[in-house]
Structures are given as structure tokens and as C-alpha cells.
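These numbers were taken from a predicted model, which means no experiment stands behind them. Counting convention: from 1, in listed order, for ligands and their atoms alike.
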Amino acid sequence: MINTISRRAFLTGTAAAAGAALIPARTFEVFAQERRQPGPIADRITLRVLPFPMKQVRLLPGPMKNAADSSLKYLSSLPTDRLAHNFKVNVGLDSSAQPFGGWEKPDVELRGHFCGGHYLSACALSYASTGDETIKAKGDALVAELAKCQQRSGYLSAFPIEFFDRLRDQQRVWAPFYTIHKIMAGHLDMYTLTGNAQALETAQKMAGWAGDWTGPLSYDHMQRVLRTEYGGMGEVLGNLAAVSGRRDLFGTVRRFEKASFYDPLSERRDQLKGLHVNTHIPQVIAAARMYELTGDPRYRDIAEYFWYEVVGERSYCTGGTSNKEIWDTDAGKLSNALGPTTTEDCCAYNMMKLSRHLFGWSADPRFMDYYERLLFNHRLGTIDPETGTTMYYLPLQAGLWKTYATPYDSFWCCNGTGVEEFAKLNDTIYFHDDNSVYVNLYIASELQWPEKGLKLRQETNFPHEQGTTLTVTADRPSDVALRLRIPYWVAKGQVKVNGRVLPVFSSAGSYLTLPGPWKSGDKIELSLPMHLHAAPMPDDESVQAVMYGPLVLAGRLDEISRDRWYGDEGPKPEPATVPTIMADATNPVSWVEPAQAQQLVFKSVGQSQPLTLQPLATIVHQRYAVYWKVQNKA
Ligand SMILES: [Zn+2]
């Protein structure tokens with residue numbers, strides 16, 4: 001749970017947005033190589049801030065770049081003929097390729113979601129992030145192969161169209177539209193991020209097919225269809241409408257709006273209990289995108305209320321949400337909702353995506369505080385450094401461990417969102433308005449803003465370093481303001497410009513504005529001291545995690561043998577007993593102290609058994625404990 005944000009704070013409307021200038025609706029040019037790239041249909045709302053096109057931001061060496069490199073290596077290792085196999089077989093084309101296993105096995109009903117969907121998105125995002133022509137070529141080759149498999153109706157899938165008959169007749173079927181969404185989004189990303197025109201054509205035909213399939217169904221019948229998971233159909237159709245100018249697609253988007261989910265949210269009622277989490281977050285992303293494209297405030301109400309409710313009432317210390325893939329408790333009741341399948345990784349991916357929309361509307365630093373929480377605790381550290389594969393759940397029950405996918409025989413949903421996530425680690429570090437740069441995240445990277453003749457180089461070993469250094473290169477003196485995020489966890493920071501300490505600083509949870517002018521060689525050194533703090537459960541403060549700055553600390557328990565590192569969808573419940581902590585529950589400093597501060601290693605003080613704590617993201621093959629029962633010593 002995020003203790004700096006509560007439902008009450010939202011309902012009373014305390015918005016602490018930074019003083020951003022309003023900017024005109026984005027143009028096609030501004031958004032080249034950004035995922036929400038519009039074309040003929042521009043946004044109807046005015047955004048306060050925009051992300052930079054991904055090609056203008058490059059990662060520099062550090063933990064994020066290591067993760068991105070390892071994911072790209074994995075992507076590059078997947079052969080095109082194996083990726084296309086099920087699609088070809090589905091339309092009777094010859095394929096002698098060896099099929100993949102896991103959720104891409106030829107008899108699994110979700111087949112195609114990764115191979116023809118997430119994979120293309122990840123190739124496109126990787127190309128935008130790195131400029132790697134080889135990965136673009138792999139994406140292009142697959143787009144060409146899949147185009148051969150598209151039927152005259154526009155249907156493109158690795159499973160037969162009869163699955164949709166079962167969906168229409170309300171017979172048992174896994175999630176056909178979920179898979180169609182991934183394939184459409186993969187193709188659209190190949191167009192918007194790499195310029196592949198054939199991919200746009202494929203996506204357009206698929207949208208036509210989706211319109212033809214849903215059109216004849218009555219409203220009530222379609223609402224019944226929407227009980228089966230359908231991913232981000234609304235989002236991809238909205239994005240496609242924007243780039244193609246096809247307003248008729250908004251009608252198809254509306255067919256994918258589930259009234260029983262949207263209605264209570266628009267009235268600010270939390271009826272989330274019992275819902276499958278990752279089925280629903282993409283529907284809210286669709287609402288957010290439709291708010292941008294239509295200006296209808298109902299969509300905004302849905303997206304904002306949902307975000308505050310999930311983040312404030314249904315999220316753990318890592319920022320992750322879901323238990324057993326559902327919201328299985330009343331709002332704010334999380335202390336008994338700890339198990340082997342807490343916090344599905346897809347949910348983290350999708351909540352980050354939603355947060356970017358809300359940040360664009362408001363420039364409110366709270367969205368970036370939350371983004372950072374997920375990024376440094378739930379994304380970093382969920383990729384296996386050896387194979388580049390990712391996890392399914394991030395278990396938060398004490399004594400469990402991380403289980404990673406196998407390269408060719410898993411292909412869980414979260415491996416799909418995983419390859420996308422690690423291909424776009426550069427997309428949120430910097431945003432901008434008409435004349436300022438928002439430095440949202442402290443990640444070693446370089447930003448180019450050619451329209452302003454400005455380059456920013458960010459050098460940092462964050463979070464091992466408690467701060468960052470920005471160096472300016474400017475063609476001419478630049479009056480672009482730099483707005484540095486001062487995170488919620490900072491107690492006392494400091495900023496130096498060209499070695500001189502500025503007499504002012506901003507409060508935690510805000511942006512510190514440095515107005516310039518800037519010339520080449522100017523150096524900004526930001527110091528963000530971290531300290532230990534507790535992250536208690538909302539319904540039981542004696543159950544709590546320890547954090548250091550943005551980092552959730554985990555107790556490092558015994559090693560896991562290699563045969564248990566990979567393959568299962570999640571560890572079997574086999575929790576270890578961890579000691580009850582006897583300490584002051586309001587103050588983690590009373591029982592945790594730095595052991596090797598530089599390495600972010602901590603140790604327990606005065607407990608029945610000695611414990612070593614380190615950032616959860618740096619645990620790889622060990623059992624761990626995140627939440628502790630803390631009893632007052634008295
Ligand atoms: Zn998943």
C-alpha cells in the first residue's frame with residue numbers, strides 16, 4: 001500500500017501538480033516514435049506534458065541497460081520460423097519449424113499472443129529505444145510472414161476462427177480477443193515505432209474484422225461476450241483510429257466497454273472485489289486513451305478514480321497489485337492477502353502504462369513516485385540476468401522465491417508484457433512541455449532535444465548512488481527549464497549548479513524547477529539522501545516492510561537449487577517461517593541498520609536470529625521475506 005496516497009486525499013481533491021505550462025495538442029511530428037502516436041485524429045484534450053520520442057533517449061551503462069540488453073538478447077534468439085509456425089499451420093501453409101511450448105504450444109488456446117503480438121511490440125520498442133536494425137529486421141520479417149496468414153476477412157490468428165463461435169455462443173474458450181489485441185497492438189507498434197506500412201495494413205484489416213464480428217451482436221449479447229478477458233481491444237482500436245483517421249473505429253471501441261465495470265468507477269464506487277485484475281487494467285487504459293481522443297470527462301473519471309483506488313487501497317509496498325490474479329478482499333485489506341501468487345507482473349506493466357497517461361494530463365509527481373516504486377521494485381529484478389526471461393508473479397509471502405520462465409517453453413502472459421517492458425525502459429525518464437524538461441527518473445541516460453538544440457547527459461549509479469548528475473550541451477544559451485522530481489521518500493536533499501549549492505530546495509513529492517539559462521558544460525548535481533522507513537499494511541500496521549528510499553528491502557534467506565529457478569508459473573506454497581521482529585513498529589531504524597551502505601546491504605539488530613536485508617530487486621535465486629510481523633518490544 002502506498003501510504004502517501006489515500007482515497008481521502010483524492011476525494012478531497014488535493015492535487016499537487018507542478019507548475020507546468022500548457023502546451024498545444026501534440027502534433028504528429030512531436031510523437032514520431034512514441035507509442036501513442038496520433039495521425040489525422042488529434043487529441044481533444046490539452047496535455048500538460050508529453051514523453052519524448054523514444055529514439056531521443058538512450059540508456060547509458062547501469063542496471064536498467066543491463067536488463068534491457070539481456071531482454072534484447074533473448075528476443076534476438078527467437079527464430080522467425082518458430083514464431084510464425086502456429087499462424088501458418090492455422091491457414092494450411094507448410095511449416096516444418098519446431099513449435100514452441102508453454103502457452104505457445106500448438107494446442108493451447110492462447111497461442112499467438114506472444115509470437116505474433118508481444119514479440120512484435122517488443123521488436124518495435126527495442127528498435128525505438130536502441131536503433132538496433134537487426135531487431136527491426138526480425139520484426140519486419142515476421143510481419144511479412146504473418147501477412148501471408150491473414151484471411152480475406154481480415155482475421156489473423158494462430159487459432160481457428162471457430163474459437164470466436166464458442167465465444168459468441170458462450171461456450172468455454174480461453175481469451176480469443178485478448179490474443180487478437182496483442183497481435184493488433186504488435187502490428188500497430190511496428191508501424192508507429194518503425195514505420196512498417198505493411199504492419200499498419202494488417203492491423204487495419206484486423207480492425208475491420210473485429211468490427212464485422214462485433215457489429216451484428218446486440219448490446220446485451222456483446223456485454224456477455226465481455227465477460228471473457230479481452231485485453232486492450234479498446235486501446236488498440238483507439239490508437240488505430242488516431243493514426244488512420246478512421247472515426248468509425250470509435251464505434252467499435254465502444255462495443256468493448258463493459259458497463260458493469262465502467263459504471264461504478266464513473267460513480268466513484270469501488271466494486272473491484274472479485275474481479276480478475278489484469279483483465280480490467282487494460283480496459284482503464286482504453287478509457288484513458290478515449291479521454292484523450294474524445295475529451296469525454298466520464299472516461300477521465302473512470303481512469304482517475306480507478307488509479308487512486310488501486311494505488312491507495314489495493315497495492316503492496318512494491319506498487320504491485322492482485323492476489324491469485326484477483327482483487328480478493330475489500331478495499332485496504334491486504335495483510336492477509338499474501339501468498340505465492342501476489343502481484344502478477346502484467347498488472348505492474350499495465351499500471352505503469354496507465355500512470356503515464358495520467359501524468360500527461362496533470363504533471364502530478366505522484367504518478368512518477370508510483371512509477372518509480374514499480375520500476376525499481378517490481379520490474380528491475382524480475383528479469384533473469386542469465387536468460388533474459390521474466391517472471392509471472394512476484395510472491396510477497398515470506399520464504400518464497402523468484403521463478404523465471406524458460407526461453408522456449410513458458411510464454412506466460414507476463415513474459416509477453418515483460419519483453420515489452422524491458423524494451424522501453426527509456427520511455428518515461430524524461431517528459432517535456434513547451435519549454436521545460438521533466439526529469440522523472442534517475443537512470444543513467446542521454447536525452448536529445450534537437451528542436452531546442454539541447455542535450456542532457458544523466459550520469460548516476462542510482463540507487464547505489466543517492467542522487468544524480470546532469471550535464472548540459474547546448475548549441476546556444478538555452479532557457480529551457482529543468483524540472484527535477486524530488487521523490488516522496490527524500491527527507492533533505494540538495495542541488496548544486498556548477499559546484500555551488502543553491503539556497504533553495506523543493507519539498508518531497510514535487511518538482512524542483514531550475515530555470516536556466518544553460519550553456520554547454522553546465523553541471524547540475526542533485527543529492528537525494530535515502531533513509532529507512534516502514535511500509536505498513538493498510539489494515540494492520542504491525543505487518544510491514546522496510547524501505548530504504550524507493551527500495552523495498554527483502555530479508556535474504558537460503559539459496560534455491562538450480563532445478564527450481566525456471567519453469568513453474570509460480571513457486572508452490574512452501575513458506576519458510578521467519579522470526580517475529582521485536583522492535584518499535586513505527587521506526588525501522590530500531591531494528592535495521594546498514595551493514596555495507598554502499599552495496600545497499602543491511603542487517604537486523606537485536607533479533608532472535610540475525611537477518612541480512614537487501615533490495616528486493618537484487619534478490620535472484622534466494623528465498624526472501626518482504627513483510628514482517630513487528631511486535632513492540634515493551
Ligand atoms: Zn501476466
Side-chain angles (χ1 to χ4, degrees), residues 67 71 74-75 100-105 108-122 125 174-183 185-186 228-233 235-236 272 275-286 310 314-316 318-328 339-355 374-375 377-384 387-396 400 402-407 409-424 566-571:
S71 188
Y74 167 60
L75 278 183
F100 288 126
W103 292 15
E104 286 291 344
K105 225 169 137 194
V108 170
E109 292 192 350
L110 219 67
R111 62 188 181 271
H113 75 109
F114 183 99
C115 288
H118 293 295
Y119 184 80
L120 288 178
S121 289
L125 290 161
W174 193 344
F177 270 122
Y178 171 93
T179 312
I180 294 296
H181 159 241
K182 307 305 172 229
I183 300 168
T228 302
E229 186 172 9
Y230 58 95
M233 281 301 291
E235 183 206 5
V236 71
L272 301 176
L275 294 182
H276 182 264
V277 176
N278 197 49
T279 291
H280 290 88
I281 306 171
Q283 297 177 36
V284 182
I285 296 172
V310 169
R314 296 181 177 279
S315 295
Y316 299 88
T318 52
T321 187
S322 78
N323 185 31
K324 302 174 217 157
E325 302 203 12
I326 58 177
W327 290 297
D328 64 344
T341 56
T342 45
T343 62
E344 183 187 346
D345 291 357
C346 286
C347 302
Y349 165 88
N350 279 314
M351 284 303 291
M352 288 165 78
K353 217 168 137 175
L354 177 62
S355 300
L374 277 170
L375 187 61
N377 297 302
H378 196 153
R379 301 326 328 256
L380 198 62
T382 58
I383 181 163
D384 176 43
T387 58
T389 60
T390 50
M391 300 169 60
Y392 195 142
Y393 309 105
L394 180 57
L396 294 176
L400 295 176
K402 295 181 176 181
T403 309
Y404 300 93
T406 57
D409 294 301
S410 299
F411 297 110
W412 311 318
C413 49
C414 302
N415 303 139
T417 47
V419 290
E420 292 191 38
E421 190 82 80
F422 291 100
K424 67 179 195 66
Y566 302 105
D568 287 333
E569 287 172 15

Mind running ring pair (Phe, Tyr, Trp, His ring centres under 6.0 Å) on Trp103 and Tyr392 for me, showing each step along the way? CA-CA 13 Å; Trp103 292 15; Tyr392 195 142; 5.8 Å; yes
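- Every salt bridge (charged side-chain N to carboxylate O under 4.0 Å, His left out) that Arg379 has, sequence neighbours left out, goes to Glu421.
- Within the protein, the number of N, O or S atoms lying under 2.8 Å from the Zn ion (ligand 1) is 4.
- For Asp409 and Thr406, the side-chain atoms include no donor-acceptor pair closer than 3.5 Å.
- Between Tyr119 and Phe114, the ring planes lie tilted relative to each other; the angle falls in the 30° to 60° range.
- The closest side-chain donor-acceptor pair between Asn323 and Thr342, if any, does not fall under 3.5 angstrom.
- Here NZ of Lys353 is found 11.0 Å from SG of Cys346. Values are rounded to the nearest 0.5 Å.
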